[in-house]
Amino acid sequence: MRLPVSSPVLGSGITAAPASVAGRWHRNWRRLDARWFQIVFLLSFLLVGVLARDFALRPLQVLLAVATAALTQAAWQWALDLPTKKQWSGTLSALVTSLGLSILVRAQSDWVHPLLAVLAISSKYLIRLGPPSCKSHVLNPANLAAFLAWACIPGAWLSPAQWGSESLLALWFIALGGLVTQRIQRRDVSLAFLSAWGLLLAARLLWLGYAWDPGAAMWLQQISSGAVLLFAFFMISDPMTTPQHPRARMAYAVLVALAAFVWQVLLYRPHGLIVMLFVCSWSVPLWNRLWPRARFAWA
Amino acid sequence: MKTIRTLMAGVALAALAHAPAQAFCGFYAGRADANLFNEASQVVLVRDGNRTVLSTLNDYKGPLTEFALVVPTPTTLQKGQVRIADKLTFERLDAYSSPRLAEYRDTDPCQLNFGWGLQPIASFTDVQAIRMLSGVAQTSASNQALGVTVEVQYTLGEYDIVSLSATQSDGLETWLRENGYSIPKGASAALKPYINQGMKFFVAKVNLQEQAKTGYTALRPLQFAFESEKFMLPLRLGMLNAPADKAQDLIVYALTRQGRVESSNYRTVKLPANQNLPFFTKPAFQDFYKALFDNQAGKEQHRVVFTEYFWDMGWCDPCAADPLSAQELRNAGVFWVAGDADAQFEAMRAPAGTPVPKIMLPPGGGGAQPVVLTRLHVRYTANTFPEDLMFSQTRDRENWQTRYVIQQPFDSSPSACSNKMAQTDCEALCKQRITEIPMPRPGSYDYGNNPYYRLKSPAELQGECVAACTTSKQSALQAASTYYQQSLPARLQTEKQTLADLTGWSTARIEQMPDARKYSAQDNREPVAPAQPAKTWWERLFSFNQLR
């Protein structure tokens with residue numbers, strides 16, 4: 001296909017020679033908001049979960065979560081008269097949040113998902129901390145929603161084991177997650193977290209004295225859990241709620257892994273990843289003060 | 001007409017009845033209890049906060065001298081924390097929560113819905129009761145060198161019990177063997193991680209003299225009460241004797257206060273349930289459920305935990321057995337059923353031999369118990385369950401059960417319907433019916449409820465009535481014909497397919513089951529209207545036309 005020269009989509013000064021079509025495609029690809037990819041992948045995970053992993057989730061719950069998240073986002077943007085109020089950017093975030101919380105939270109009634117969507121989106125505007133150069137919301141909205149569902153919402157719960165540990169599914173997650181994080185340049189967090197988490201689990205199995213069999217199978221079972229991979233690639237990799245400095249970010253990912261390990265594996269408490277990300281998030285403004293960097297902005 | 005509409009509503013209700021949330025209005029027709037699964041271990045796991053009461057039932061069948069029970073426990077179990085439990089508790093929980101078969105019956109399609117001259121009658125019952133089929137459920141120095149410390153030692157019932165802590169797994173294995181516990185080779189490798197986690201060991205063997213005194217042939221279950229954050233079952237230790245790919249069955253009855261229990265490290269899956277099966281599955285329901293479970297466990301490659309039942313213990317619908325009474329729940333270890341949970345739990349840890357205190361219930365039985373039962377069924381192999389089974393309690397309170405439905409066909413045929421209709425004398429019926437029509441009293445303007453009839457002569461009324469009666473006969477014959485030749489065979493075909501899908505049975509195997517071909521289409525090709533009796537009512541129809 002011949003693409004128009006100097007189109008607003010393509011940017012200016014690009015020659016229409018056939019040899020550079022791939023290059024142009026690549027540039028377009030890089031320019032597209034990464035959240036579009038997140039949405040596509042989260043949606044596909046949701047479908048896989050509901051259709052093949054018998055998630056106890058009703059379509060109405062997802063629809064209500066999406067609708068209330070989008071409305072809440074718009075309401076805040078207009079109420080605060082933000083320059084972005086007439087853009088679709090906020091809606092994308094709302095969609096990512098509502099899909100994420102639908103994947104994570106289970107509830108008996110239909111009001112839990114929309115309520116969590118309202119709370120999660122509102123938290124972005126109500127809970128903001130950090131140095132002036134990168135003041136931002138503190139909590140990843142889907143993480144907050146999952147935490148609240150576990151901690152205090154009646155009739156709501158988390159079912160992290162429902163993904164199972166089948167390795168094929170795990171590979172699928174890694175491939176897609178890798179793509180998304182490459183797009184938003186936060187794969188360092190995902191990899192640092194996964195490495196730390198995997199090492200900690202392996203170290204514990206070694207220390208407990210497990211032989212290769214069943215030790216290796218146990219490690220695989222723990223590390224390839226869908227919930228762990230989803231967390232690594234779609235939650236802790238949120239560029240808005242992790243430290244902005246690359247090295248601080250790596251250290252932060254290791255801290256979350258360590259905290260979750262202590263909570264869940266050593267103390268036998270539930271939902272270590274969700275709970276400890278929620279706890280550690282509060283330290284991010286401090287990390288940003290100690291190692292300042294300009295705040296991330298979506299494409 | 002209204003009768004027909006009510007009938008349609010009735011049919012629609014019956015069709016909806018297999019939806020999970022639908023209140024049950026059929027009748028319990030059978031169940032598939034835990035005895036079905038050979039070598040299934042059964043565990044009652046009572047949990048609230050970090051308080052746990054665990055009861056285990058051994059189906060051990062070998063020589064008693066060979067029996068050894070080694071349970072890793074989070075803390076050292078003192079004398080009062082272990083009791084002999086009642087096997088009856090397991091039987092009651094099993095009976096209450098077994099997969100069940102519910103039965104509905106079709107009504108006779110051959111019915112003379114002859115309402116001419118009468119006020120419509122609104123009452124119509126689609127579902128008829130049948131009686132319950134199934135009855136009751138079948139239903140020292142050297143120790144130091146080995147690194148082993150005997151914390152507590154006593155005899156409880158038929159068991160010699162020791163609570164140990166250990167520092168070396170080799171030492172523990174040697175100690176156990178030296179002290180007469182028959183444990184498999186290589187046990188030390190499996191024991192090591194538990195020792196390193198700081199866990200203690202509850203060890204029991206059978207005291208033959210005491211065992212003889214009890215008078216029981218089988219070993220009685222043991223019940224442990226302890227506090228720990230760990231909500232898990234040490235599954236791996238039981239795999240020592242089995243080949244790595246040999247499947248074992250475990251049934252867990254989890255009793256909680258808040259909601260459904262699921263595994264936190266394996267997928268928890270509901271079995272396909274609430275489906276309609278062919279009527280002839282009824283005598284083979286146990287075979288059916290066994291095949292279904294084999295098939296589903298195979299499909300999931302023995303990697304999942306199946307939910308078989310989850311229900312508020314206050315009631316059941318349909319009841320495979322009555323819900324457990326407050327005293328039975330208390331025996332099962334549910335420490336919060338009557339009043340102060342803290343005191344009740346402490347009572348469970350009172351010195352051994354203290355009988356379980358009788359509980360006082362308020363007048364009226366104390367109402368519904370805040371207890372929910374989750375029945376989990378795991379078929380695992382050493383390869384597919386590399387980790388011990390861990391649990392978490394959800395806030396899900398939506399009752400769910402493995403229930404299957406059969407809809408019994410009405411046992412008749414189109415020809416039987418023809419005969420029945422032939423024996424119905426419309427002329428005689430109408431003579432009677434006409435006298436029942438409310439007629440105006442002489443000298444009154446009250447025409448009763450049916451002013452339509454007031455201006456007609458008796459002959460006209462008789463003619464109309466016979467015509468209506470004849471039409472009713474035709475529709476009865478038509479209904480019977482449609483039922484036996486179309487709807488019933490089609491329904492059976494669908495139900496057979498469901499049976500094949502659920503169990504993995506072949507069509508040929510299903511067709512060979514007793515009564516499997518009973519109502520199939522080709523066996524029902526009988527004339528809609530048999531020759532002889534038909535004549536009479538056609539004749540009557542024509543004679544009626546001539547009359548007009």
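Here is the naming used below: chain letters follow the sequence lines, and residue numbers restart at 1 for every chain.
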Just so I understand: if I count every heavy-atom pair under 4.5 Å between each of Pro270(A), Pro154(A), Pro214(A), Ala227(A) and chain B, which residue has the most?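 Heavy-atom pairs under 4.5 Å are most numerous for Pro214(A).
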Please rank Pro160(A), Ala211(A), Ser159(A) by heavy-atom pairs under 4.5 Å with chain B and give me the top one.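 So the answer, after comparing Pro160(A), Ala211(A), Ser159(A), is Ser159(A).
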Chain A contact via Thr394(B) - side chain, backbone, both or neither, heavy atoms under 4.5 Å: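 Looking at Thr394(B), backbone and side chain both touch chain A.
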Is Glu262(B) in contact with chain A via its backbone, its side chain, both, or neither, using a 4.5 Å heavy-atom distance?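 Looking at Glu262(B), just its side chain touches chain A.
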Region of [X] in contact with chain B, defined by heavy-atom distances below 4.5 Å:
X         : result
Leu266(A) : neither
Ile153(A) : backbone
Trp207(A) : both
Ala217(A) : both

In this structure, are over 12 heavy atoms from other groups packed under 6.0 Å from Lys192(B) atom NZ?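 No - once you tally the heavy atoms of other residues, nucleotides and ligands closer than 6.0 Å, there are 12 at most.
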Please determine whether side chain to side chain donor-acceptor pair (under 3.5 Å) holds for the pair Arg47(B) and Thr52(B), giving the CA-CA distance in whole Å, both sets of side-chain angles, and the decisive distance to 0.1 Å. CA-CA 5 Å; Arg47(B) 174 93 171 173; Thr52(B) 307; 2.9 Å; yes
Find the one option among Phe231(B), Tyr266(B), Tyr194(B) whose heavy-atom pairs under 4.5 Å with chain A are most numerous.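 Among Phe231(B), Tyr266(B), Tyr194(B), the one with the most close pairs to chain A is Tyr266(B).
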Under the side chain to side chain donor-acceptor pair (under 3.5 Å) criterion, do Tyr253(B) and Glu308(B) qualify, and how do the steps go? CA-CA 10 Å; Tyr253(B) 307 98; Glu308(B) 283 187 323; over 6 Å; no
Taking only residues two or more places apart in sequence or in another chain, which ones pass side-chain hydrogen bond (donor to acceptor under 3.5 Å, both in side chains) with Asp396(B)?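 By the side-chain hydrogen bond (donor to acceptor under 3.5 Å, both in side chains) rule, Asp396(B) matches Arg260(B).
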Would you call Glu387(B)-Arg236(B) a salt bridge at under 4.0 Å N-O?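 No salt bridge links Glu387(B) with Arg236(B).
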OG1 of Thr402(B) to CD of Gln296(B): how many Å apart, nearest 0.5 Å?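 If I round to the nearest 0.5 Å, the distance is 11.5 Å.
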If you check every heavy atom in residues 97-110 of chain A against those of chain B, which residues fall under 4.5 Å?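 Gln108(A), listed by number.
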Parallel, tilted or perpendicular, as decided by the 30° and 60° cut-offs, for the rings of Trp197(A) and Phe193(A):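 Phe193(A) and Trp197(A): parallel rings.
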Any donor-acceptor pair under 3.5 Å linking the side chain of Thr307(B) with the backbone of Tyr309(B)?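 Side chain of Thr307(B) to backbone of Tyr309(B): no pair is present.
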